[in-house]
Every structure is written in C-alpha cells, then in structure tokens.
Amino acid sequence: NGETISVWSPFNIKLVHATGVELFNHLKIKNLLENIDLSFNLNGTYTRAINKHAANRFDRSVDKQLRYTPEWIVNGNMEVIFKDFTFQLFNQYTGQRYQEENNELPPLPAYILSDLAISQQLKAGNIPISLGARVNNLFNVHYENYLNRAMPGINYHLQLTFNYNL
C-alpha cells in the first residue's frame, strides 16, 4: 500500500561523557516485635550522560543530556515479615527525560510509582508453596518512558509457586 513505517533505534555514533554515582542502603530489624521482621532498602542513581561530539554541522545535541536518560532514579521499599506472611511496599522515582537529542522540547515529566504486595508461604506435605498478590502502579499514575507510548495504569498480579525436587 506504499506506507512507510518508521521505528526509532539507537545508533552508537556519538562520543558521550558519562558520570554518576549510585548509592544503596539496607536496614533490617529482626524481631522488632514478636514474630515480626522489618527491612528497608533505598538506592539511588545519579547519571549525567552528555554528548560531546556533533554528528554533523546541524547537530545541536553537543553538551546535552542523552535522550530518555533520566538524571535521577531512586527506589525504596519496605518489607514486613509476620510469621508466614510478607507485606511489601515498593516506590520508584524516575526523573525527567528529554525526548529528543538537543533537549529543546519540554522533557517528559518525572513520576513516582508505588506497588503493594502480599504473599504467604505454605506447605502441602513436603512441597513449599508461595501464594502472592501484587498491585502495580497502585495510584494509577499516568506516565510515559518514551514519547507517546503510554505505560500501564493500575494492574494486578497473582502468583502461585510450587517448589519440588524430582
């Protein structure tokens, strides 16, 4: 029918100066109360990925952050274990991302996602079983990782796992 389909794909033709730092923290409190363990994880990444070479004389991306590369990503989670139950809360912050190479259009906005999960460890005879449920994007945040590509709203995940040896 003569239609042209265009798909963006990365090209490694630029000289990039990438710097950053990543931090990770973990705190675990065993027996906070009787049969209750509590843990926290927090990690963050700061990334500067700057183009240092023009592909041609019209290239305005020199000294600009690479497209779709957020400067900040921060993840945190809390886990409470009570007997055979595990409760988890996950949070992720993703900083703004530029949608084109010269950073002249407004960036895609930063967003925070939260997920909530519960699971229970069971046994059927000698077979360990894990039963779990998870709500992803708990607050139904509307966000895009790439321009005009919507990501899922609130969604649910159920899991049943059997572990056995043959």
Side-chain angles (χ1 to χ4, degrees), residues 8 10 12 16-51 64-101 103 105-166:
W8 178 85
N12 292 325
V16 174
H17 184 240
T19 58
V21 63
E22 183 171 359
L23 300 172
F24 178 80
N25 292 294
H26 174 76
L27 172 65
K28 185 169 191 172
I29 303 169
K30 293 190 98 22
N31 293 315
L32 176 66
L33 299 171
E34 187 175 343
N35 297 315
I36 296 178
D37 294 342
L38 178 65
S39 65
F40 297 94
N41 291 306
L42 179 66
N43 65 43
T45 303
Y46 175 77
T47 305
R48 290 284 293 159
I50 305 298
N51 178 34
K64 307 287 178 145
Q65 179 82 354
L66 293 183
R67 75 192 291 194
Y68 298 122
T69 304
E71 287 186 355
W72 284 100
I73 297 178
V74 179
N75 296 290
N77 74 298
M78 180 181 75
E79 178 179 82
V80 177
I81 299 174
F82 175 68
K83 297 185 179 180
D84 295 333
F85 289 92
T86 302
F87 305 89
Q88 296 171 301
L89 175 64
F90 303 92
N91 291 288
Q92 177 180 331
Y93 168 82
T94 301
Q96 67 180 20
R97 289 137 352 271
Y98 290 99
Q99 56 188 309
E100 37 70 53
E101 295 176 1
N103 298 177
L105 294 176
L108 296 173
Y111 58 87
I112 297 174
L113 297 177
S114 299
D115 303 335
L116 185 64
I118 183 172
S119 62
Q120 183 180 17
Q121 307 303 312
L122 306 166
K123 276 201 167 196
N126 290 332
I127 300 174
I129 298 172
S130 176
L131 177 63
R134 184 171 174 141
V135 180
N136 297 311
N137 195 355
L138 183 63
F139 301 111
N140 201 30
V141 173
H142 298 282
Y143 67 103
E144 292 177 321
N145 283 327
Y146 300 100
L147 183 63
N148 297 322
R149 297 202 182 158
M151 298 301 291
I154 191 169
N155 61 89
Y156 309 94
H157 176 87
L158 297 175
Q159 180 176 324
L160 178 62
T161 305
F162 296 89
N163 293 316
Y164 60 91
N165 295 321
L166 296 177

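- Closest heavy-atom contact between Phe82 and Glu34: CE1-O, 4.3 Å.
- When all heavy atoms of Gln121 and Ser130 are compared, the pair lying nearest together is NE2-OG, 3.4 Å.
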- Task: Test side-chain contact (heavy atoms from CB on, under 4.5 Å) on Phe90 and Gln92 and set out the steps.
- Result: CA-CA 7 Å; Phe90 303 92; Gln92 177 180 331; over 6 Å; no
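- Taking all atoms of both residues into account, the shortest heavy-atom contact from Asn145 to Leu108 is O-CD1, 3.8 Å.
- In this structure, CG on Asn35 lies 12.5 Å from CZ on Phe85, to the nearest 0.5 angstrom.
- Within the structure, ring pair (Phe, Tyr, Trp, His ring centres under 6.0 Å) contacts touching residues 105-136 (residues at least two apart or in different chains) are Tyr111-Tyr143.
- Of all the heavy atoms in Ile127 and Asn163, the pair that sits closest is CG2-O, 3.3 Å.
- When the shell of 6.0 Å around CG of Asn126 is examined, it contains 12 or fewer heavy atoms from other residues, nucleotides or ligands.
- At most 12 non-hydrogen atoms from other residues, nucleotides or ligands lie less than 6.0 angstrom from OH of Tyr146.
- For the side-chain contact (heavy atoms from CB on, under 4.5 Å) test with Leu38, the passing option among Leu32, Leu27, Leu33, Ile81 is Leu32; the others fail.
- In this structure Asp84 satisfies the salt bridge (Lys or Arg N to Asp or Glu O under 4.0 Å) test with no other residue, sequence neighbours excluded.
- Thr161 and Gln159 share a side-chain donor-acceptor pair at under 3.5 Å.
- Panel note: side chain Asn51, backbone Val16; no donor-acceptor pair is recorded below 3.5 Å.
- In this view, Asn103 satisfies the side chain to side chain donor-acceptor pair (under 3.5 Å) rule with no residue, not counting sequence neighbours.
- Here the closest non-hydrogen pair linking Ala110 and Gln96 is CB-N, 3.7 Å.
- Identified under the side-chain hydrogen bond (donor to acceptor under 3.5 Å, both in side chains) test for residues 131-140, with sequence neighbours left out: Asp115-Arg134, Arg134-Asn136, Asn136-Asn155.
- A distance of 14.5 Å separates OH of Tyr98 from CG of Leu147, quoted to the nearest 0.5 Å.
- In this structure, OG1 on Thr94 lies 13.5 Å from CD on Glu144, to the nearest 0.5 angstrom.
- Here the side chains of Asp37 and Asn31 are in contact, with some heavy-atom distance below 4.5 Å.
- Rounding to the nearest 0.5 Å gives a distance of 7.5 Å between CD of Gln65 and OG1 of Thr47.
- Between the CD1 atom of Ile112 and the CG atom of Leu138 there is a distance of 13.0 Å, given to the nearest 0.5 Å.
- Sorted by first and then second residue, the pairs that involve residues 67-78 and meet side-chain hydrogen bond (donor to acceptor under 3.5 Å, both in side chains), not counting sequence neighbours, are Asn41-Asn77, Asn43-Asn75, Arg48-Glu71.
- Judged as a salt bridge (Lys or Arg N to Asp or Glu O under 4.0 Å), and not counting sequence neighbours, Lys123 has no contacts.
- A distance of 9.0 Å separates CZ in Phe87 from CD1 in Ile36, rounded to the nearest 0.5 Å.
- The closest donor-acceptor contact from the side chain of Gln99 to the backbone of Pro107 lies at 3.5 Å or more, if one exists at all.
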